[in-house]
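Comments concern the structure below.
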There are 2 protein chains.
Amino acid sequence: MTLWSRTRTAVYGEITRTAMELFLERGFEATTIDDIAAAAGISRRSFFRYFGTKEDVVLGDLVARGELIRDAFEARPESEDPWTALLGALHSVKDAADETDAEMLKVFKMVHQTPSLRARSIEKHLQWQALLTPEVRRRLGADPADPFDVRAEALVATVLTCLDVAGEAWARGDGAVPLEGLFDAAAAAVRG
Amino acid sequence: MTLWSRTRTAVYGEITRTAMELFLERGFEATTIDDIAAAAGISRRSFFRYFGTKEDVVLGDLVARGELIRDAFEARPESEDPWTALLGALHSVKDAADETDAEMLKVFKMVHQTPSLRARSIEKHLQWQALLTPEVRRRLGADPADPFDVRAEALVATVLTCLDVAGEAWARGDGAVPLEGLFDAAAAAVRG
DNA sequence: GCCGATCTGGCACTGAGTGTCAATCAGGCA
DNA sequence: TGCCTGATTGACACTCAGTGCCAGATCGGC
């Protein structure tokens, strides 16, 4: 761990904290990157060296979370059918989340109220989908060269859609009901 | 039909045709709105009087198509369960599409290759979801005041996700297999 | 103490999207 | 026919996100 990478991580965290504060205070769209840079004590240009877009400040770690989900999924016993294994993997990653529900709720609401954030968030889910699909294809015994075998894609996309639906309901209902339960209910409505 | 609204419709169509030509020729992102305006013989400012965003030129009529789907869905016999009725509604609207497969394929490929278009397209699907959900809730007998009954949202979102998965596979495979079949296969993988 | 790699700020630029204003033009009315 | 109202248009200026470029500062190894 060199000093460069240490300061880099520190600055990264500082920008995130400062920006999230501004976002929650005056809204995502009403906060410009100049605002964030000024508040974090860096130049506008440097902001873009840490984050590709303004949305990435909010959604950046979704990529890492996707990799966690994939790992959890691959660790599932081979005896489980893919659907059950996917549900299990998502549950285990939810349990390991380090944020409090209150923080998560604020972020969820912001994402679901801001079109550009919602769009990016769905884009990240598509990346999750791409991460998870190969293992599902393997478990289903699908021909890797067949572009028309859509079973794996359909299963993965559906599970992630259920997560999205559950998240939306959770945010709309102010988190009064646990997210896991909503997710299970959504999954059951599709497969039950 | 006054002359104003007639010219308005004509200009709308002219912009669409001109823009799509440019998009397919040099790509969506490489075509600026200045290019479109110049080619269509209007001012940059007027372009934004007909289309809110550049993406809307490609995806604009998805809103109208969503209303068609809703109408087709509501016309389905009460005896069908929601899932079957949703599949039927989507099929009937696909059949009524007036574009050729070749044109549709080009547009599909463009949408699936361009991040901003892909994101907007999914946003439109979310609007379809909002259009279809109330009727599904009614058919399921869900309490309209219960924000935590996610069954209807889950069903609608899943069906649309299957459509999306099918569309992606269809475009990836150059339309060599009919879209309807891919859609049915995706739906069967989830529910079968 | 020197050298190369990396980080940083500043500047200029493109491109999307918005607000404003004056000019234009269709349509109704006297 | 001539006028008035309201919708449309083009032009200009502006904000904001995002990118390319360059010169200077800073760190790490030799």
Side-chain angles (χ1 to χ4, degrees), chain A residues 1-16 18-20 22-23 25-60 63 110-111 114-121 123-124, chain B residues 1-16 18-20 22-23 25-60 110-111 113-121 123-124:
Chain A
M1 180 70 88
T2 158
L3 187 130
W4 268 345
S5 62
R6 255 185 296 134
T7 48
R8 200 173 164 79
T9 330
V11 173
Y12 188 92
E14 181 62 23
I15 298 177
T16 305
T18 312
M20 290 304 290
L22 292 175
F23 289 158
E25 183 185 322
R26 49 175 107 156
F28 180 81
E29 288 171 320
T31 307
T32 71
I33 292 179
D34 284 297
D35 295 338
I36 301 171
I42 58 167
S43 75
R44 201 184 116 70
R45 193 66 188 83
S46 279
F47 172 89
F48 285 109
R49 292 203 175 89
Y50 287 90
F51 296 95
T53 67
K54 199 168 76 167
E55 287 78 20
D56 281 347
V57 180
V58 182
L59 304 173
V63 176
M110 190 166 75
V111 171
T114 313
S116 70
L117 273 176
R118 185 106 171 85
R120 288 268 176 188
S121 146
E123 257 183 90
K124 304 281 181 187
Chain B
M1 181 69 90
T2 159
L3 188 132
W4 269 343
S5 62
R6 254 184 296 134
T7 49
R8 200 174 163 79
T9 330
V11 173
Y12 187 92
E14 181 61 24
I15 298 177
T16 305
T18 311
M20 290 305 288
L22 292 176
F23 290 158
E25 185 185 321
R26 51 175 105 157
F28 181 80
E29 287 171 322
T31 307
T32 71
I33 292 180
D34 285 296
D35 295 336
I36 302 171
I42 58 168
S43 74
R44 202 185 114 70
R45 193 65 187 82
S46 279
F47 172 90
F48 284 109
R49 293 203 176 92
Y50 287 89
F51 296 95
T53 68
K54 198 166 75 164
E55 287 78 19
D56 282 347
V57 180
V58 183
L59 305 172
M110 190 166 75
V111 171
Q113 279 165 9
T114 314
S116 70
L117 273 176
R118 185 108 171 86
R120 288 268 178 188
S121 145
E123 256 183 90
K124 303 280 180 185

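Bear in mind that the values here come from a model prediction, so they are computed numbers and not experimental data.
One can find a donor-acceptor pair under 3.5 Å joining the base of C:dG9 and the side-chain atoms of A:R49.
Which of C:dG19, D:dG18, D:dG10 sits closest to the side chain of B:R45 comes down to C:dG19. Listed candidates were C:dT18, C:dG9, D:dG18. Nearest to the side chain of A:E55 is D:dG18.
Using a 4.0 Å cut-off, no side-chain N or O of B:T32 falls inside it from OP1 or OP2 of C:dG15. Residue B:Y50 has a polar side-chain atom (N or O) positioned under 4.0 Å from OP1 or OP2 of D:dT9. For D:dA11, the OP1/OP2 oxygens have no side-chain nitrogen or oxygen of B:S43 closer than 4.0 Å.
Counting to the nearest Å, the C1' atom of D:dC16 and the CZ atom of A:F28 are 12 Å from each other. What separates CZ of B:R44 from C1' of C:dA16 is a distance of 7 Å, to the nearest Å. What separates CZ of B:F51 from C1' of C:dA16 is a distance of 16 Å, to the nearest Å. For B:E29 and D:dA17, the CD to P distance is 19 Å, given to the nearest whole Å. Straight-line distance from the OH atom of B:Y12 to the C1' atom of D:dA7: 19 Å, rounded to whole Å.
B:S121 places no side-chain N or O within 3.5 Å of a backbone atom of B:L117 that could act as its donor or acceptor partner. With hydrogens and angles ignored, the 3.5 Å screen pairs a side-chain donor or acceptor of B:T53 with a backbone N or O of B:D56.
Within 4.0 Å of A:S116, counting heavy atoms only, lies no atom of the nucleic acid at all.
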